[in-house]
Amino acid sequence: MPLPDRPKGFDDLLPDDVPRYEHVIGSFRRVAEAAGFREIRTPLLEDLGLFQRSLGEVTDVVQKEMFTVPRQEETLALRPEGTASVVRAYLAASLHKTAPFQKLYYAGPMFRAEQPQSGRRRQFDQCGVEALGSSSPLLDAEVMAVAVRSFEAMGLRNVELRVNSIGDAGDREVFRAALTEHMRAHLGARCDDCKERFTRNVFRMLDCKVPGCQPSNASAPRFLDHLGATSRARFDATLAGLTALGVEHAVDHGIVRGFDYYTHTVFELLCRDVGARSAVCGGGRYDTLISDGGGPELGATGFAIGVIPTLVALEKQGHPKAQRGEPGIDAFVAAVTEGERLPAFRLADRLRGAGLGADCDFEDKKLKAQFKQADRRGARLVVILGPEEVANGRVKIRDLRAGEDLELPDDAALPAALAARLCAPPRADGS
RNA sequence: GUGACUGUAGCUCAGUUGGUUAGAGCACCGGUUUGUGGCACCGGGGGUCGGCGGUUCAAGUCCGCUCAGUCACCCCA
């Protein structure tokens, strides 16, 4: 009987796939830790209300993309993003009282019940940072720099940073009024989706890609022109921070984030070379989320990297680390006849004890097939145990790289001798 | 939720106006080498042609339905 299919949009990562993910997440992790961020791990399930309040009731993610889990009195939800949980954990641990300034990072799976397509799955990994407890504009610059440097560390080229400011709540209302007025006047010329967006979320009209909508976007009022003096000064200070760090950036009036919690700085990292959706990272400041959650008036800023879109981009650029690979072992212990199975089994274990990656045959393969297996597994050494070797207390070794054979006594020093040989260059003849 | 496209071996695909036992490359197993990998040559196993129904003397091929996948839109890291 066949087992059920895996759910739509959920992937199996086979051993050949895992190193690619490790490359992206590992690169990010090293950059974040170097900048003083420490890892936090929060539950994959949270109370549904956490996301409804943090992301905004009317967002698509909350309205139709949540995986919910009814459980007695409460309704839990698989997290669709990372920020809400980090803020909840920060408050739950009273960090705002004991050590209000925290630089945290996370990496892990998120879930959204979307229609899967290239670079978008229902379970997907995100890695990101959250710097909580400070409103410093320099922190926005630092967070953006960490994002940019993470992609540099991964080896992804053609990444561009686009920055904008959406001000505080007051600025946003002023701007919303101005934008609504402008768009109402041009509504007839807009696409059907934009007519929908006009009532749902006017700001979204700004990043519509339909050609016919471009003229009325170009003439539209700009967020930056409607910022109050302090908001404007904040933004300038952030840009100055980026310049000080030598981080290239472009102001983009069309950057509008999807969640309600954003304030002031918002940004995206785009990678040309990627198709439909080119964003590999997005983030911004969220100065009211901590106080909305019952905490003090403390600012915060952060970003999240989409691991899958990043992998898609790396693959398109032909990055070697984006290819599939097999890690492999150091040594393979081959048994010539059935009688050496158990000795080979034991020897492999002894080699492991000396820190070598070692394995032996479990499929009753013939010697030739065991060699083939050793080669495929990336083993440099094949240790051969046959009736003669076992009788004499010796082993034969074949160095697959160097292509030479030797024989050694099977004593306590054997594992160390093999380990030493692994360190030597493949060509052992010249010395 | 909307639209387009694609389902043939483990993988990538071919299959001519419907016409005998459905093919190739890679991978796998074996042999050439009765205790030595990679390369080469030879051989072998492996397919309900996504599923159901219809047209026909005859369907992988044509028609309908269905399922699955992919890509794009909406939305969004």
Side-chain angles (χ1 to χ4, degrees), chain A residues 2 4-9 11 14 16 55-56 58-65 79-83 107 109-122 124-128 147 191-197 200-201 204 207-210 255-259 262 266-271 274-284 302-310 312-313 324 332 334-337 339-340 363 365-390 395-405:
Chain A
D5 290 337
R6 44 161 213 233
K8 178 198 285 277
D11 294 334
L14 300 178
D16 282 354
L55 311 188
V58 299
T59 55
D60 264 38
V61 169
V62 167
Q63 284 193 332
K64 45 185 208 192
E65 294 176 1
R79 61 184 188 187
E81 57 98 57
T83 304
M110 309 293 166
F111 306 84
R112 293 185 199 174
E114 295 184 286
Q115 197 57 236
Q117 64 186 64
S118 176
R120 325 174 63 171
R121 319 299 300 163
R122 290 186 163 186
F124 54 97
D125 284 312
Q126 278 189 349
C127 47
C191 65
D192 289 347
D193 285 331
C194 277
K195 284 168 183 149
E196 182 71 25
R197 284 188 268 246
R200 266 178 65 81
N201 185 355
R204 280 271 153 226
D207 63 1
C208 182
K209 300 144 215 103
V210 175
I255 299 289
V256 185
R257 313 268 46 241
F259 301 136
Y262 285 107
V266 289
F267 64 93
E268 286 181 8
L269 272 69
L270 311 180
C271 180
V274 187
R277 176 68 181 183
S278 56
V280 288
C281 174
F303 69 74
I305 289 170
V307 174
I308 299 177
T310 301
V312 170
R324 290 151 159 256
F332 192 93
V336 176
T337 74
E340 292 84 52
E363 301 167 282
K365 284 179 190 278
K366 307 206 303 193
L367 185 65
K368 187 184 172 74
Q370 292 183 58
F371 265 80
K372 210 170 175 182
Q373 183 68 211
D375 185 51
R376 233 196 332 261
R377 301 276 297 276
R380 174 166 167 189
L381 302 178
V382 178
V383 182
I384 305 150
L385 283 181
E388 294 170 31
E389 287 81 1
V390 170
V395 296
K396 284 218 171 92
I397 314 289
R398 181 169 177 85
D399 185 326
L400 296 181
R401 301 277 161 78
E404 61 181 8
D405 296 295

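Proteins get letters first, then strands, A, B, ... in listed order; numbering begins at 1 in each.
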Tell whether A/Glu81 reaches the base of B/A77 with its side chain through a donor-acceptor pair below 3.5 angstrom.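 Flag unset: no donor-acceptor pair detected.
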Measure CZ/A/Phe111 against C1'/B/A77 and give the value in whole Å, please.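 In whole Å, B/A77 C1' lies 15 Å from A/Phe111 CZ.
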Which whole number of Å gives the distance between the C1' atom of B/A77 and that of B/G53?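 About 45 Å, rounded to a whole number of Å.
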When you compare B/U61 with B/U56, how far apart are their P atoms, in angstrom units rounded to a whole number?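 These two P atoms come out 16 Å apart once rounded.
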Could you please name the option among B/C76, B/U33, B/G30 that lies closest to any side-chain atom of A/Arg112?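 For the A/Arg112 side chain, the nearest candidate turns out to be B/C76.
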Which whole number of Å gives the distance between the P atom of B/U6 and that of B/A14?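 Going atom to atom, P in each nucleotide, I get 11 Å.
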Of the candidate nucleotides B/C73, B/C75, B/U33, which contains the atom at the shortest distance from the side chain of A/Gln115?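 That would be B/C73.
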With rounding to the closest Å, how many angstrom separate the C1' atoms on B/A68 and B/A24?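 Pairwise C1' distance, B/A68 against B/A24, rounds to 26 Å.
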Distance (rounded to the nearest 0.5 Å) between A/Glu114 CD and A/Arg122 CZ: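 Those atoms lie 8.5 Å apart.
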Determine whether a donor-acceptor pair (one donor, one acceptor, N or O, separation below 3.5 Å) exists between the side chain of A/Arg398 and the base of B/G37.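 Indeed there is one.
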Can you identify which nucleotide, out of B/G37, B/A77, B/G35, has its nearest atom closest to the A/Lys396 side chain?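 Selected nucleotide: B/G35.
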It should be established whether A/Arg121 places a side-chain nitrogen or oxygen under 4.0 Å from OP1 or OP2 of nucleotide B/G69.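 Answer no for this pair, as no side-chain N or O of A/Arg121 is under 4.0 Å from OP1 or OP2.
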Would you state whether a donor and an acceptor, one from the side chain of A/Gln117 and one from the base of B/G69, lie under 3.5 Å apart?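 In this structure, the two groups form no donor-acceptor pair.
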P gap between B/U16 and B/C75, integer Å: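 Pairwise P distance, B/U16 against B/C75, rounds to 43 Å.
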Donor-acceptor pair under 3.5 Å: do we get one between A/Arg120's side chain and the base of B/C75?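 By the distance-only test, yes, there is a pair.
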Between B/U17 and B/G60 - C1' atom distance, rounded Å: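 To the nearest whole Å, 16 Å.
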A/Glu388 side-chain proximity, nearest of B/G30, B/G35, B/A77: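 Selected nucleotide (nearest to the side chain): B/G35.
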Just to be sure I understand the rule, does A/Ile384 reach a base, reach only the sugar-phosphate, or reach nothing, if contact means heavy atoms closer than 4.0 Å?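 Base, at least one base atom sits under 4.0 Å.
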Of the nucleotides B/C74, B/G30, B/U36, which has the atom closest to the A/Arg197 side chain?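 From the listed options, B/C74 comes nearest.
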Whichever of A/Phe267 and A/Arg6 has its nearest RNA chain B nucleotide further upstream toward 5':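 Upstream on the strand: A/Arg6.
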What is the nucleic acid contact for A/Phe124, judged by heavy atoms within less than 4.0 Å: base, sugar-phosphate only, or nothing?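 Base contact - A/Phe124 has a heavy atom under 4.0 Å of at least one base atom.
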Classify the nucleic acid contact of A/Glu114 as base, sugar-phosphate or nothing, counting any heavy atom under 4.0 Å across all strands shown.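 Base, at least one base atom sits under 4.0 Å.
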Distance, C1' atom - from B/G50 to B/G69, rounded to whole angstrom: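 10 Å, rounded to whole Å.
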A/Lys365 side chain, from C-beta outward: closest of B/A77, B/C29, B/G31: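 Among B/A77, B/C29, B/G31, the one nearest the side chain of A/Lys365 is B/C29.
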Nearest listed nucleotide, side chain of A/Arg376, among B/C29, B/U33, B/G35: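 In terms of side-chain proximity for A/Arg376, the closest of B/C29, B/U33, B/G35 is B/C29.
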Same-atom distance (C1') from B/A9 to B/G25, integer angstrom: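 Between the two C1' atoms, the distance is 12 Å.
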Map A/Asn201 and A/Pro7 onto RNA chain B by nearest heavy atom, then report which one ends up closer to the 5' terminus.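 The residue mapped nearer the 5' terminus is A/Pro7.
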In whole Å, I'd like the distance from the CD1 atom of A/Ile255 to the P atom of B/C75.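 Taking CD1 of A/Ile255 and P of B/C75, I get 15 Å after rounding.
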Working to the nearest 0.5 Å, report the span between CG of A/Asp11 and CG of A/Asp125.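 The distance works out to 10.5 Å.
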Out of B/G30, B/C71, B/C28, whichever nucleotide has its closest atom nearest the side chain of A/Ala369: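 Nearest to the side chain of A/Ala369 among the choices is B/G30.
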Please check the phosphate of B/G1 (OP1 and OP2 only) for any side-chain N or O of A/Lys64 closer than 4.0 Å.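 No.
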To the nearest Å, how far apart are A/Arg122 CZ and B/C76 C1'?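 Checked: the CZ to C1' distance equals 14 Å.
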CD1 of A/Ile308 to CD of A/Gln126: how many Å apart, nearest 0.5 Å?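 Reported value, rounded in 0.5 Å steps: 10.0 Å.
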